[in-house]
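For the numbers below, each heavy atom of this structure counts, side chains included, while hydrogens, waters and symmetry mates do not.
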Amino acid sequence: MPVNPTIQFYLNQFQNQLPTTYDQLDPLELRRQEDAMMTRFQHREHVHEVEDRLIPLPGRTIPIRIYRTGRGIAPALVYYHGGGYVTGSLDTHDAICRTIANEADCTVISVSYRLAPEHKFPTAVYDSFDALAWVAEHAATLRVDASRLAVGGDSAGGTLATVSALIALERGGPSIVHQLLFYPVTGTEENLPLSLIEYANGYLLDEGLIRWFQQQYFNDETELAHPYASPILSPYLAELPPTTLLTAEYDPLRDLGRAYANKLVSLGVPVDYKNYAGLIHGFANYYFYVPEAKRAVREAARSLRDTFAHEKTRP
């Protein structure tokens, strides 16, 4: 099917603003523009309680934002925003975190990991995992059920989520019961996926911008083969928890997500994988304006809710 009409309208607007070459693109200016645009057009649902905190991690302090749907102890999703490791913030993904909290009836803890190019690979990885470990360690004071802890994120944030779960397996904890991944960047075991060729241009995230993000984040191309950059290469995949993974038809990264889902299934990991027709990379940020995107977000959140409910009944 063709690109969703509402999304096509936005694409037409954005295409006029994108540079013909990314060589002179300023990361800080791009960050400022995306923050302003994404915070302006969000629809923020009411959540029972929202709390901003700074958490102390070894050698640094990072912000988190906590969304609670009630006063009691609740399962929790630790969420990592997308943005190519260069852009994005607690504010740009405020709306999606509110929606997931309400739809999954859980606490959502959004993590503001440090960004590139100021902080290169693997800084964001260790910020993400250390924040997850901190949440697990302080579950009681956060009113979080440590036995029902999940990770999630979109795009680069989806990568950080699954990598954090893999590091937790490497280090023997914390225990993760679910992954909620929106179009993650998971690497490839094969040649260039077809979606990277078919949708290389014209769908917001294009081939040039992908390369530019990589140049900002990685110190050199050899790091792309590290399991913390391409989790499909990790030896711990078979131990991952049940996973919800969503991709979009017109996303150059679509086949990477599909390959990751297939790899997990082949290793015996329960996976709920769906590819949404007519949508593009980043659709979770536009869910309020696009009914199909809203349905995708709600279905993903309900999959998470079902896992939490199942874990609660386990002996």
Side-chain angles (χ1 to χ4, degrees), residues 1-18 34 37-38 41 81-84 88 93 95-96 99-100 103 152-159 161-162 179-214 230-232 243-266 271-304:
M1 64 178 296
V3 175
N4 177 277
T6 303
I7 288 181
Q8 186 62 61
F9 172 81
Y10 284 112
L11 282 176
N12 294 340
Q13 308 306 309
F14 292 145
Q15 288 303 123
N16 296 328
Q17 302 174 27
L18 291 175
E34 289 207 2
M37 179 187 68
M38 292 178 67
F41 291 105
H81 66 77
H93 287 65
I96 188 66
T99 296
I100 294 174
E103 292 288 339
D154 60 286
S155 193
T159 311
T162 195
Q179 300 186 111
L180 178 61
L181 311 177
F182 295 94
Y183 32 83
V185 190
T186 50
T188 178
E189 297 178 295
E190 304 172 354
N191 296 325
L192 195 65
L194 183 61
S195 62
L196 278 167
I197 300 172
E198 287 184 324
Y199 308 119
N201 295 286
Y203 299 95
L204 193 59
L205 179 66
D206 63 24
E207 180 185 15
L209 188 55
I210 292 171
R211 288 200 306 268
W212 183 85
F213 278 134
Q214 291 174 343
S230 297
I232 198 170
T243 299
T244 301
L245 198 156
L246 284 63
T247 57
E249 179 182 6
Y250 292 99
D251 182 354
L253 303 179
R254 179 198 65 202
D255 291 350
L256 297 181
R258 176 181 292 158
Y260 193 57
N262 289 339
K263 180 74 171 183
L264 296 184
V265 169
S266 73
V271 176
D272 180 8
Y273 169 72
K274 291 186 180 179
N275 180 59
Y276 287 87
L279 299 183
I280 64 170
H281 189 85
F283 68 76
N285 293 108
Y286 308 104
Y287 73 91
F288 181 73
Y289 304 98
V290 182
E292 294 81 1
K294 181 179 291 187
R295 177 172 61 88
V297 171
R298 285 180 170 171
E299 288 177 350
R302 288 167 185 166
S303 178
L304 175 62

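- Once rounded to the nearest 0.5 Å, the distance linking CZ of Arg258 with CG of Asp251 reads 11.0 Å.
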side-chain contact (heavy atoms from CB on, under 4.5 Å) assessment of Ile210 paired with Leu253: CA-CA 10 Å; Ile210 292 171; Leu253 303 179; 4.1 Å; yes
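- Of the possible donor and acceptor atoms, none in the side chain of Asp154 sits under 3.5 Å from a partner among the backbone N and O of Gly157.
- Considering only heavy atoms from C-beta on, Ser303 stays 4.5 Å or farther from Leu180 through its side chain.
- Among all heavy-atom pairs drawn from Leu246 and Thr244, the shortest one is CD1-CG2, 3.5 Å.
- His81 is linked by a ring pair (Phe, Tyr, Trp, His ring centres under 6.0 Å) to His93, Tyr113, counting only residues two or more places apart in sequence or in another chain.
- Annotation: salt bridge (Lys or Arg N to Asp or Glu O under 4.0 Å) contacts involving residues 276-291, sequence neighbours excluded, are absent.
- Ring geometry for Tyr203 against Tyr250 counts as parallel: the plane angle stays under 30°, on a 0 to 90° scale with 60° as the upper cut.
- A donor-acceptor pair is defined here as one N or O able to donate and one able to accept, closer than 3.5 Å; such a pair exists between the side chain of Tyr183 and the backbone of Ala284.
- Separating the OH atom in Tyr286 from the CD1 atom in Ile96 is a distance of 12.0 Å, to the nearest 0.5 Å.
- Of the inter-residue distances, the one linking Glu189 atom CD with Lys263 atom NZ reads 4.0 Å to the nearest 0.5 angstrom.
- Atom-to-atom distance recorded for Ile100:CD1 and Tyr287:OH is 9.0 Å, nearest 0.5 angstrom.
- Within the model, atoms CD of Gln179 and CG of Leu245 stand 8.5 Å from one another, a figure rounded to the nearest 0.5 Å.
- Between Glu207 and Pro252, the closest side-chain pair of non-hydrogen atoms is not below 4.5 Å.
- Closest non-hydrogen pair, Leu181 versus Gly158, comes out as CD2-O, 3.5 Å.
- In this structure a side-chain-to-backbone donor-acceptor pair under 3.5 Å is present from Glu249 to Gly278.
- Here the shortest heavy-atom pairing between Gly153 and Ala161 reads N-CB, 4.1 Å.
- Scanning all heavy atoms of the two residues, the minimum distance from Ala293 to Phe283 falls at CB-O, 3.7 Å.
- When all heavy atoms are compared, the tightest approach of Pro231 to Thr159 is CD-CG2, 4.0 Å.
- The shortest side-chain heavy-atom distance between Phe182 and Val297 falls under the 4.5 Å cut-off.
- Here the options are Arg295, Glu292, Glu299, the test is side-chain hydrogen bond (donor to acceptor under 3.5 Å, both in side chains), and the partner is Tyr276; only Glu299 passes.
- Side-chain contact check for Thr188 versus Ile232: every heavy-atom pair is 4.5 Å or farther apart.
- One distance of note links OH of Tyr260 with OG1 of Thr243; it measures 7.0 Å at 0.5 Å rounding.
- With hydrogens and angles disregarded, a donor-acceptor distance shorter than 3.5 Å links the side chain of Ser195 to the backbone of Asp255.
- For Asn275 and Thr247, the side-chain atoms include at least one donor-acceptor pair closer than 3.5 Å.
- The nearest pair of heavy atoms linking Gly82 to Ser155 is CA-CB, 4.3 Å.
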